[in-house]
Every structure is written in structure tokens, then in C-alpha cells.
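Here is the structure we will look at, set down as C-alpha cells.
Just so we're clear, the structure is a prediction, and the values are computed from it rather than from any experiment. In what follows, chains are A, B, ... by sequence order, proteins preceding strands, each numbered from 1.
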Number of protein chains: 2
Amino acid sequence: MKEYSIGQLSQQCDVKVPTIRYYEEIGLLEPPARTAGGQRRYPQAARDRLSMIAHARDLGFSIDSIREFIRMSNHPAAPCDDLDLITEKHLMDVQNRIKKLKALETELTAMLKSCDHGRVADCRILQVLSDHDQCQTQH
Amino acid sequence: MKEYSIGQLSQQCDVKVPTIRYYEEIGLLEPPARTAGGQRRYPQAARDRLSMIAHARDLGFSIDSIREFIRMSNHPAAPCDDLDLITEKHLMDVQNRIKKLKALETELTAMLKSCDHGRVADCRILQVLSDHDQCQTQH
DNA sequence: CTAAATGCTCTAGTCTCTGGAGGTTTTATG
DNA sequence: CATAAAACCTCCAGAGACTAGAGCATTTAG
């Protein structure tokens, strides 16, 4: 039943105070209750939601995608037809990112190993990053 | 030895024309040669570089990180001390992302499966995204 | 009870693009 | 070769997602 000030929320979720107000402004966070003096007081649920938003943003999802996630969870009994499409789209996106990041992980690890002697002989990061064979999507 | 117009570069790298000009403006791409009429003509190398930039952006690296990658590759014989730090930072970042994305992949897959009957019983996406146990970094 | 810390609104600025207006150069076609 | 369509140029404005500061009000710790 504890309430949080905007500053406490900010600390706990690692989201800057103006950003929290911005999320409220664009409708990602519900406007919270206010004290008599007009300051925001958030319930626990707001903390959870903000935490989710922060993680999703960190993973590279757009605000619009997050809106979709929220909508999905708000209507857990909704018909799945459109939801399936959205989910599948996100799943492919996620798998794609994982694949690319793994290729990059391999190269970064190799770089660290080959760097033992104080010099980089062959930096392959740029090659890996520009290698079209790593891509799922054709372009 | 072939040269590319900005439009051809745009198509091949899947980067919009104004974005290419923007990258030039902020110094990510070298200003290319111009025709007598003032149009940009890019060498093969520019295509490779732009492709690299596009992939790195797509993977979520900041423009500053890309600048670092470019700097690294421009000085392949530079001492590794600072390079190691940068590389290690990126490696941890990459591994972190992979971890989170995998958790999300699991949930998205589960959602699709449980969705067979036209209803979503339990949408766990938000929980997964807000779960602090998934995090590497403490916050 | 008061001073420091935190919060409020409002405005303006940053970064990374993206699009349009108005005009010029290239390229394809008759 | 002439011309019309396509692509290009610069410059400016706007979008998305924040971020910071000014000026003032409210909370909270001592």
C-alpha cells in the first residue's frame, strides 16, 4: 500500500524524473493521484509498469510497441487474431536481433582474445557488422 | 571501381537518402566526390561503411559507439588498453541484450502456443519485461 | 519552524532521423 | 539532339523520445 514520489520512482526504475512526466504526457503512464499540494503519488502498480517500460525501451522496442504490449495485457481475453500477428512480428524481430547479436558477441570475444599482446592485428568488427550474410532480411 | 549515386547507395544499404546526407553532416561518412553538376558519387568503400553503420544502428548501437568502432578500425595497430575497455563494455552490453531477448522470445513463443483457442489466458509479456531478475545490471 | 531537498509547470533544446518546397542535373526516349 | 521524367541538390521544418533549466511551490529533516 506504499506510495512513491516521482523521485523515488525515478531512482527505483532508473528513469529520469522528466522522462516519467513525459511518459504520463503521452499516455504510457496513468496520471497518478496528487497530494493536496499537487505532487504526484504513485501506487506500487505504477512502479511495475514503469519498470516494464524501461526494460522494453532498453531492449529497443518503440513506444508504439510498448503501447501494444500494454493493450495486450489489458485485454487478456481478447480474440487472438490481430494479437497473433503482432506477437509473431515481435517474435521474428526478437529472434533476428538475437542472431545478429550472437555474431557480434563472437567477434568481440575473439577481439579480446587476440588482443593479448597489446596490439590489434585484425579488427573484424566492422566486417562482421557490414556482412550481409549475417542478415535475415534481404536488402 | 564502380561509383554509386546517393540513391543507389540508399537502395543497396536500405538507408533513406536524407539519412545518408545526415550521416555525412555529422561526420560518420566522408564527404564524397561530386560530379561537375554537384551530385554525390560514392566509391565502393562508402557502401561498405554505410552498410556497417546501418547494421550497427539496427542492433541498437549509438552513433557514438559507431564512431568508436570506426576509430578502432582506423587504427588497427593502436595499443589495446583503452580498446579493451570499450570492447569489453560492448561485449557485456551485447550479452545482456541477448539474455533479455531470449527471455522475451520464450514468452512470445508461449503466447503463440497458448493462443490456439482464440483467447489469451495469461499474458506474461509485461511480467517478463518488468522482471528485475532478468537484469544483469542492478538498478 | 526554517532551510534544504524535492516537486510543480512551462519552455526550449538535443539527437537521430524524415519529409517537403523549390530548383538543378542526369538519364532515357523519341 | 531535344525534351521530359527521374533523381539530385540545399534548406528548412517537424517527429519521436527524451533532457535540462527557470522560476516558483511543497515536503521533510533537524
Only one of B:R41, B:Q44, B:Q11, B:R47 clears side-chain hydrogen bond (donor to acceptor under 3.5 Å, both in side chains) with B:Y4; which?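 Checked B:R41, B:Q44, B:Q11, B:R47 against B:Y4; only one passes side-chain hydrogen bond (donor to acceptor under 3.5 Å, both in side chains): B:Q44.
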Assign each of B:R57 and A:S5 to its nearest nucleotide of DNA chain C by heavy atoms, then name whichever residue's nucleotide is nearer the 5' end.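 Looking at the nearest nucleotide for each, A:S5 comes out on the 5' side.
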Would you mind telling me which residue lines up with the more 5' stretch of DNA chain C, B:R67 or B:R41, judged by nearest nucleotide?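 On the 5' side of the pair lies B:R67.
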If I take atom [atom1] in residue [X] and atom [atom2] in nucleotide [N], what distance separates them, rounded to the nearest angstrom?
X     : N      : atom1 : atom2 : result
A:Y22 : C:dC8  : OH    : P     : 18 Å
A:K16 : C:dC15 : NZ    : P     : 13 Å
B:I53 : C:dC15 : CD1   : C1'   : 16 Å
B:Q8  : C:dT26 : CD    : P     : 14 Å
A:E24 : C:dG7  : CD    : P     : 14 Å
B:D14 : C:dC17 : CG    : C1'   : 14 Å
A:I20 : C:dC8  : CD1   : C1'   : 14 Å

Applying side chain to side chain donor-acceptor pair (under 3.5 Å), can you list everything that pairs with B:Y23, at least two apart in sequence or on another chain?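 Counting only residues at least two positions away or on another chain, B:Y23 forms no side chain to side chain donor-acceptor pair (under 3.5 Å).
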Contacts of A:E30 that satisfy side chain to side chain donor-acceptor pair (under 3.5 Å) - sequence neighbours left out: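 So A:E30 forms no side chain to side chain donor-acceptor pair (under 3.5 Å) with any residue.
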With A:S10, the side-chain contact (heavy atoms from CB on, under 4.5 Å) member among A:I20, A:L50, A:T19: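 Only match with A:S10 under side-chain contact (heavy atoms from CB on, under 4.5 Å): A:I20.
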Compare every heavy atom of [Y] with every heavy atom of [X], then report the nearest pair and how far apart it is.
X     : Y     : answer
A:K2  : A:Q8  : NZ-OE1, 4.1 Å
A:I63 : A:R57 : CD1-CD, 3.8 Å
B:M52 : B:I66 : CE-CG2, 4.2 Å
A:S51 : A:C13 : N-SG, 4.0 Å
A:G7  : A:V17 : CA-CG2, 4.2 Å
B:P32 : B:Y42 : CG-CE2, 3.3 Å

So what's the dot-bracket for DNA chain D: Watson-Crick or G-U pairs under 3.5 Å, [ ] if a pair crosses, | if it pairs off-strand? ||||||||||||||||||||||||||||||
Measure the spacing between CD1 of A:I6 and CD of A:E24 and express it to the nearest 0.5 Å.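 Interatomic distance, A:I6 CD1 to A:E24 CD, rounded to 0.5 Å: 7.5 Å.
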Any protein N or O atoms within reach of nucleotides 20-25 of chain C? Criterion: under 3.5 Å, listing atom names and distances.
none

Can you give the first and last nucleotides of DNA chain D, 5' to 3', that have an atom under 4.0 Å from a heavy atom of chain B?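 Both ends considered, the range comes out as D:dC8 to D:dT10.
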Under 4.0 Å: is that the gap between some side-chain N or O of B:Y23 and OP1 or OP2 of C:dC17?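 For B:Y23, the contact criterion (side-chain N or O under 4.0 Å from OP1 or OP2 of C:dC17) is met.
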When you measure from the side-chain N and O atoms of A:R40 to the phosphate of C:dC8, is any distance below 4.0 Å, counting only OP1 and OP2?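 Affirmative; the distance criterion is met.
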For B:R21, enumerate each residue passing the salt bridge (charged side-chain N to carboxylate O under 4.0 Å, His left out) test, keeping only those at least two apart in sequence or located in another chain.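 With neighbours one apart ignored, the set is empty.
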Just call it for A:I63: base, sugar-phosphate, or nothing, with non-hydrogen atoms closer than 4.0 Å on any strand.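 Result for A:I63 = sugar-phosphate.
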